[in-house]
Each structure stands twice: as structure tokens, then as C-alpha cells.
Amino acid sequence: MLFRSWQHPTRGLLPPGAFIDVAERSGLMGQLGRQVLAMAVVQCRRWLDAGLRLNVAVNVSPLQFTDPQFCPEVLGAIEQAGIPPGLISIEITESMAMADFEATAARLARLREAGVMVALDDFGIGFSNLSQLSRLPLDILKVDRSLVQDLCVDGKADAIVRAIIGMAHALSCRVIAEGIETEAQREHLHHLGCDCGQGFLLGRPMPAEEIALRAAEAVARSEEHT
């Protein structure tokens, strides 16, 4: 995962909530979104050139996603960088998906037909129409961090996460749990059949060079065991 934080020159590492709303109100969200997308595909190209196939997930805002030029910009950036489309995942939130369902489904279908991965972020805290959800062209459902935090202490959260994982797999989607901070959470999610995870237990925001180093080390360890 990249581009979920901003390293400010004087204020340090800022989370998205500290600047995304300001960017949207000031009309800079479109420009910021295009810049992030460009950085994502360029970084993918650099990793490929270094022999690493790493997926980059890019979160998009409602204003960016509903722009008529959004899909052409995504596909154009991928083509210009010369990378496999499947290395880019576009993440939209549950509320974004349901705001204008038919238009959302059409945009996502266009991206997926071109090979781009599509993820539904922050799932489990909204009120999705499940019959509509089954019609969305998705590759990944991401369990919201609030459910993961309560997983080992709240039976209701456990039941909800269990149901999300079962439903996602029935829809041929992978499941990624957000906000994993303890080994107990990781082990419990693994027991429930969750496919992947992200969170401070697994890794904090870091420079691209360090990600490449860790990925190369993981590949080397894997090759040693084969």
C-alpha cells in the first residue's frame, strides 16, 4: 500500500484525514489525484525494472472518481508507464460505490475489462444494498479497521467479519483486513480465512526503496524454501 500518508516538511507524517478534506474544499483534489496516480505507475515501473512485481493500491476521492476523465486518465497513465494493468488497484469506498450505483458499476467495469484491479475500501461500516453489491465488478473487499480492532473483544464484530469473508469469497473476491495491530488479530483473521492484511503490525508507511528491499528479501527467503 502506498500514498495513504503525506510526509510534510515541517509537521512530519500526516494521515489522509489531515489534508484530503482541505484538498477537496480548495479544488485541488483532482490535481492531487492525478499526481498520485502518476507516482504510482512510475513506481511500479521502477520496481518492475528491478525485477519486482509489486501491486500498488491507489485510493481515489469521490470528486476524482466521478470525473468523466477518470477512467481515461487511469488507463492512459498505465499505458504510458508500460506496466501490466493488474499491478494497479483502484480503491473506492463503500459509500462512493452506492452514491450513483449504475455509473459506478460502469466505471469499474471499464477498468476491470482493461485488467485494472478494483477494491471496495472500508467495507462493513456503511449500509450497502447487498443485491447491488453482488452486481459490482470487484476483485477485493477490504474489511474496515474498526471491525478489526474489535475482533478479539466483541463477538458481534467477529460475526460480522466472518460473514464478510464468507460473502466475499462467494463473490470470488479476495479479502484484505485493514488496521491489524496485534498478533492476536492477525491469527484470528487467518483462522477466519482472511486472504491478506495491512496495518502497523505488518508494516508502517516507508520509502519505496525500503519496500523494494523488504520485497527482495522476502523473495530470497521464499526461494530458499523451495
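By convention here, the first residue in the shown sequence is residue 1. Computed over heavy atoms, backbone and side chain alike; hydrogens, waters and symmetry mates excluded. Bear in mind the structure is a predicted one, so any value in this text is a computation, not a measurement.
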Looking only at heavy atoms, what is the nearest atom pair of [X] and [Y], with distance?
| X | Y | result |
| --- | --- | --- |
| R174 | C196 | NH1-SG, 3.2 Å |
| K142 | D121 | CD-OD1, 3.6 Å |
| L136 | A97 | CD1-CB, 3.9 Å |

Would you say the side chain of [Y] lies within less than 4.5 Å of the side chain of [X], judging by non-hydrogen atoms?
| X | Y | value |
| --- | --- | --- |
| V56 | L87 | no |
| I88 | C44 | yes |
| L111 | F70 | yes |
| L108 | F65 | yes |
| I92 | N59 | no |
| T93 | F123 | no |
| V118 | I140 | no |

Would you mind writing out the side-chain donor-acceptor pairs for residues 199-218 within the sub-3.5 Å range, not counting sequence neighbours?
from	atom 1	to	atom 2	distance (Å)
E210	OE2	R214	NH2	3.3

Under 3.5 Å donor-acceptor pairs involving side-chain atoms of residues 159-172, not counting sequence neighbours:
from	atom 1	to	atom 2	distance (Å)
R162	NH2	D158	OD1	3.1
H169	NE2	D195	OD2	2.8

* **Electrostatic pair E102:R135 at N-O distance under 4.0 angstrom** =>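 Yes, E102 and R135 are salt-bridged.
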* Of the options R46, R45, M39, which is the one that meets V42 in a side-chain contact (heavy atoms from CB on, under 4.5 Å)? ->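 The side-chain contact (heavy atoms from CB on, under 4.5 Å) with V42 is passed solely by R46 among R46, R45, M39.
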* **V148 vs E178, side-chain contact (heavy atoms from CB on, under 4.5 Å): CA-CA, chis, key distance, verdict** => CA-CA 7 Å; V148 172; E178 299 182 292; 5.6 Å; no
